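Notes for the one structure printed next.
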Amino acid sequence: MSVAQESPPERIVFRTCPLCEATCGLQLRLSGDTVLDVRGDRKDPFSGGFICPKGAALGALHADPDRLTAPLVRRDGVLQTATWQEAFEAVEIGLKRVWANDRTALAAYLGNPTIHNLAGTLYAKPLILGLKTHQIYSASTVDQMPKHVSSGWMYGNPLLIPVPDLDRTDWLLMLGANPRVSNGSLCTAPDFPGRLRAISKRGGRVIVVDPRRSETAAKADEHVSIVPGGDVFLLLAMAHVLFDQEHVSLGRLAAHTQGLDTLKALVQPWTPERAAPLSGISSDVIERLAQDFAAAEKPAIYGRMGTCTQRHGTLVSWLVDALMVLRGRLDEPGGAMFPTSAHSTYRPGRPAGGRGWGMGRWRSRVRKLPEVRGEMPVATLADEILTPGKGQVRGLLTIAGNPALSTPDSDRMMEALGSLDFMVSVDPYLNETTRFADVILPPPSPLARPTYHLAFYDLAVRNVAHYAAPAVGLKPGQMSEAEILLRLTGIASGLSAGDVDPWAVDQKIAVAAIRQELRSVESPIAGRNVDEILQALGDRRGPTRLLDLKLRCGPYGDHFGARNGGDDAAPQESLTLDRLAAVPHGLDFGPLVPRLPGALRTASAAIELSPAACVAAVEALDEETANPGKAPAPGEFLLIGRRTLRTNNSWMHNLPAMVAGKPRCTLQMHPEDAAAMGLTDAQTVRVTSVAGSVDAALECTRDLRQGVVSLPHGWGHGLEGSQMHVAAQHAGVGSNALTDSFQVDPLSGNAVLNGIPVTVVAADQV
Ligand SMILES: Nc1nc2c(c(=O)[nH]1)N[C@H]1C(S)=C(S)[C@@H](COP(=O)(O)OP(=O)(O)OC[C@H]3O[C@@H](n4cnc5c(=O)[nH]c(N)nc54)[C@H](O)[C@@H]3O)O[C@H]1N2
Ligand SMILES: Nc1nc2c(c(=O)[nH]1)N[C@H]1C(S)=C(S)[C@@H](COP(=O)(O)OP(=O)(O)OC[C@H]3O[C@@H](n4cnc5c(=O)[nH]c(N)nc54)[C@H](O)[C@@H]3O)O[C@H]1N2
Ligand code: SF4
Ligand SMILES: [Mo]
């Protein structure tokens with residue numbers, strides 16, 4: 001006899017999307033733990049109802065049958081389901097084996113979703129410190145590290161990154177960014193497409209510099225086609241024109257800027273005529289761009305992925321900001337500004353100045369690449385694993401990373417992963433990377449965790465905050481990601497797996513965080529008592545307690561009763577986590593406000609307009625560009641990447657909605673280039689670089705600049721041992737089989753993922 005089961009009552013929850021940097025507000029309709037539908041939250045003051053196909057697939061991600069529901073431990077060579085206790089015991093044994101050589105025989109790699117997750121953002125760092133190894137790597141060095149370096153040198157703080165003030169600018173120059181597809185990066189702006197439309201609508205101009213007429217370029221007021229890697233020459237020449245035609249005016253920050261004369265002398269030789277052949281942009285266009293930039297009332301320049309993952313990523317990142325300083329539009333409304341998040345440690349009134357910032361405190365063992373922000377370039381991780389000798393890496397911890405597909409020379413990376421003595425991964429999937437692991441510790445779906453975007457509200461185009469409690473509870477047998485990381489931290493501290501009390505580890509972390517706050521003279525709670533603060537934080541534990549501490553000490557915080565403590569105070573004036581949680585659609589603190597000079601942490605207490613390393617690197621360009629090099633032979637191209645709306649780097653292709661429609665892992669090429677080689681649309685071509693070869697279907701499109709071809713990254717699924725059934729049926733090929741791990745931006749160590757020399761031939765002619 002069957003009894004009709006009543007489904008649990010429906011409920012609506014509001015939370016922000018954890019899948020990209022835009023932090024859109026979502027409205028989820030649930031029945032029990034089942035997501036019935038996902039929509040944009042129209043009442044979210046920041047996103048106003050915007051949603052993209054990835055956000056809409058959050059329910060499918062939550063319910064993906066390939067998501068691991070229990071830890072896996074390798075026994076007799078095979079990954080098998082295990083209990084958490086068995087899994088952590090296996091971790092302890094494996095790590096101890098690696099540590100028998102030396103603590104530095106263990107490396108860790110943190111992938112991109114770490115930073116989209118409160119647990120990752122708050123607990124990865126104590127874990128990493130506890131590992132006591134310099135072998136730390138992350139997706140930052142295949143992404144934005146150049147921007148951290150330029151900010152470190154210019155402002156003394158690598159995390160102080162200006163964002164274009166999208167909602168007020170009237171002239172936006174975007175280089176190497178395709179936010180109509182990516183929805184923005186290092187610039188949190190839900191409905192980026194709508195915000196761009198609004199610029200044009202209010203009479204402004206949007207100009208996109210890109211070797212490809214990207215989706216963003218196609219809808220912009222102007223597309224400027226550039227040779228991959230040509231940005232540094234364009235920007236140097238724009239600065240040249242500003243000086244030459246006397247458009248330099250530092251404005252409010254003149255007294256807080258150093259190195260103006262050095263910059264003037266440095267760009268003097270970089271005329272538009274000299275930059276033209278190197279950038280592929282005519283000197284007239286370069287001059288006009290500079291003049292338009294000079295004439296605009298509220299101009300902003302924004303450079304992203306495409307400008308960081310190239311040979312001169314740091315120089316470009318620096319020049320983007322330097323131009324804004326020259327025009328006096330850095331830190332001004334409508335220009336490029338610094339957010340003041342609710343958890344920010346920024347204290348208005350604190351004077352400028354600090355210790356400055358440096359890198360290269362140690363170097364990588366094999367290639368001697370400098371440390372940056374405590375990590376080494378992931379482009380050299382395979383060298384560290386595969387090169388024998390003292391200090392060789394023999395064990396690896398990955399958290400939310402898929403280096404097997406996401407990092408350069410991926411075939412060699414996979415060879416390295418396969419050669420390790422021990423590997424443990426914190427990851428919900430058995431994928432291209434984790435198939436090499438000895439232990440996989442799977443976190444639950446993002447709906448089972450609290451959300452607040454610690455990283456992205458510091459990069460947002462408005463000052464906003466949104467918090468949501470978990471939408472679903474943990475199922476029996478699930479362990480929160482926070483607890484997984486805390487348990488690993490306990491093991492790293494020398495405890496045996498069975499003895500780790502994760503909440504005792506958490507307590508230590510919380511007390512240390514409070515102590516640090518109390519020690520800081522500028523803190524609003526400086527000098528108060530640890531126990532008093534601990535008590536005020538109440539019964540919470542885990543990430544939300546640490547978040548509450550940050551919010552309450554932040555610029556809008558209640559400062560633990562020291563500020564506007566009354567019950568009637570608006571949450572914006574007396575913020576606590578409880579008060580934020582009580583606002584289901586999130587809080588708006590208004591448009592960005594100026595923060596300089598106070599936020600500067602350089603030793604000079606000024607903006608360093610001409611960092612020494614940048615100056616030296618520009619001088620070195622003379623030699624680099626002295627020989628124009630030979631013209632490309634037929635079949636020789638420069639390869640760039642591509643994102644599509646329904647991808648998220650390498651990891652969401654297992655959701656049917658993400659892979660529906662015609663295959664997107666194609667090699668795009670200009671039809672005239674194809675015709676010159678006798679190639680036709682849809683035919684299979686072989687693409688070869690110094691690193692490797694892949695076969696892909698050709699897609700002829702006039703969107704590509706001639707001489708440039710484009711292949712998206714994040715494909716190449718269906719590899720033996722992985723368990724992502726949908727992705728395997730839409731495998732595509734991995735573009736990082738072609739990128740060369742030896743090509744890095746010399747200043748930041750960031751991988752060069754664009755402008756890769758390749759040859760293309762018909763596959764049947766090989
Ligand atoms: N050629 C080329 N290569 C590129 C790029 C490019 O444009 N071109 N882009 C680069 C960029 S910008 C980035 S950021 C990197 C990304 O590089 P990675 O971060 O290494 O790779 P992802 O594809 O983001 O893989 C994320 C991993 O996290 C796991 N994951 C998902 N959600 C969670 C979670 O909640 N918790 C945990 N613990 N794990 C989770 C996924 O299963 C997957 O294994 O790739 C870079 N690689
Ligand atoms: N749908 C989707 N959204 C995503 C992601 C995803 O995989 N899919 N990934 C997320 C992540 S981790 C990140 S970091 C962001 C990245 O987001 P964006 O920074 O917007 O990066 P892309 O979309 O890769 O766009 C980079 C652009 O740079 C161009 N380009 C390549 N080489 C050069 C060059 O030398 N000079 C110039 N001027 N342009 C060049 C490319 O043609 C491309 O149009 O997107 C995020 N959002
Ligand atoms: S744009 Fe980003 S944050 Fe918004 S719904 Fe899409 S994936 Fe989520
Ligand atoms: Mo990224």
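Atoms within a ligand are numbered from 1 in the order they appear, just like the ligands themselves. On a predicted model such as this, the values are computed, not experimentally measured, just so you know.
By the 4.0 Å heavy-atom criterion, P211 is counted among the residues contacting ligand 2. Between G229 and ligand 2 there is a heavy-atom distance shorter than 4.0 Å.
On a distance-only criterion, T647 and ligand 2 share at least one N/O pair closer than 3.5 Å. Between D231 and ligand 2, at least one pair of N/O atoms sits closer than 3.5 Å. Taking only nitrogen or oxygen atoms, main chain and side chain alike, L175 does not reach within less than 3.5 Å of ligand 2. Any N or O atom pair closer than 3.5 Å counts here, and L645 shares at least one such pair with ligand 2.
In T216, neither the side chain nor the backbone holds a heavy atom less than 4.0 Å from any atom of ligand 2. With a heavy-atom cut-off of 4.0 Å, R643 touches ligand 2 through its side chain alone. Looking at K54 against ligand 2, only its side chain comes within 4.0 Å, counting heavy atoms. Residue S185 touches ligand 2 through its side chain alone, judged by heavy-atom distances below 4.0 Å. With a heavy-atom cut-off of 4.0 Å, T309 does not touch ligand 2 at all.
Counting protein heavy atoms only, atom 14 (S) of ligand 2 is closest to D143 OD2, 3.1 Å. Of all protein heavy atoms, the one lying nearest to atom 19 (O) of ligand 2 is R304 CG, 2.9 Å. Residue, atom and distance of the protein heavy atom nearest to atom 43 (C) of ligand 2 are D210 OD2, 3.3 Å. Given atom 45 (O) of ligand 2, the protein heavy atom at minimum distance is S182 CB, 3.2 Å. Closest to atom 1 (N) of ligand 2, if we only count protein heavy atoms, is T644 O, 2.8 Å. Counting protein heavy atoms only, atom 7 (O) of ligand 2 is closest to N649 N, 2.7 Å.
In this structure, of G313, A139, G176, the residue bringing a heavy atom nearest to atom 26 (C) of ligand 2 is G176. Nearest to atom 2 (Fe) of ligand 3 by heavy atom, out of A189, C20, C24, is C20.
Interface of C52 with ligand 3, defined as ligand atoms under 4.0 Å from a residue heavy atom, comprises 1 (S), 5 (S), 6 (Fe), 7 (S). Ligand-side atoms of ligand 2 in range of V209: 37 (C), 38 (N), 39 (N), range being under 4.0 angstrom from any heavy atom. Each of the following atoms of ligand 3 lies closer than 4.0 Å to a heavy atom of L19: 7 (S). Listed by number with element, the atoms of ligand 3 under 4.0 angstrom from any heavy atom of N183 are 1 (S). Which parts of ligand 3 touch T23 is read off a 4.0 Å heavy-atom cut-off, strictly below it: atoms 3 (S).
In this model, a donor atom of one side chain and an acceptor atom of the other lie less than 3.5 Å apart for N117 and E481. Side-chain atoms of T644 and R664 form a donor-acceptor pair, as typed in the model, at a separation below 3.5 Å. No hydrogens or angles considered: a donor-acceptor pair under 3.5 Å links the side chains of N402 and S650.
In summary, no N, O or S atom of C17 is located under 2.8 Å from atom 2 (Fe) of ligand 3.
Few gaps surround CZ on R205; more than 12 heavy atoms of other groups in view lie less than 6.0 Å from it.
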(message) Using ring pair (Phe, Tyr, Trp, His ring centres under 6.0 Å), reason through Y452 and Y457 one step at a time and then give a plain yes or no.
(response) CA-CA 9 Å; Y452 173 92; Y457 294 144; 5.1 Å; yes

(request) Start with the C-alpha gap between H670 and T701, add the side-chain angles, then the distance that decides, and say whether side-chain contact (heavy atoms from CB on, under 4.5 Å) holds. (result) CA-CA 5 Å; H670 193 283; T701 163; over 6 Å; no

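Salt-bridge check for R15 with D41: failed, with every basic side-chain N at 4.0 Å or more from each acidic carboxylate O.
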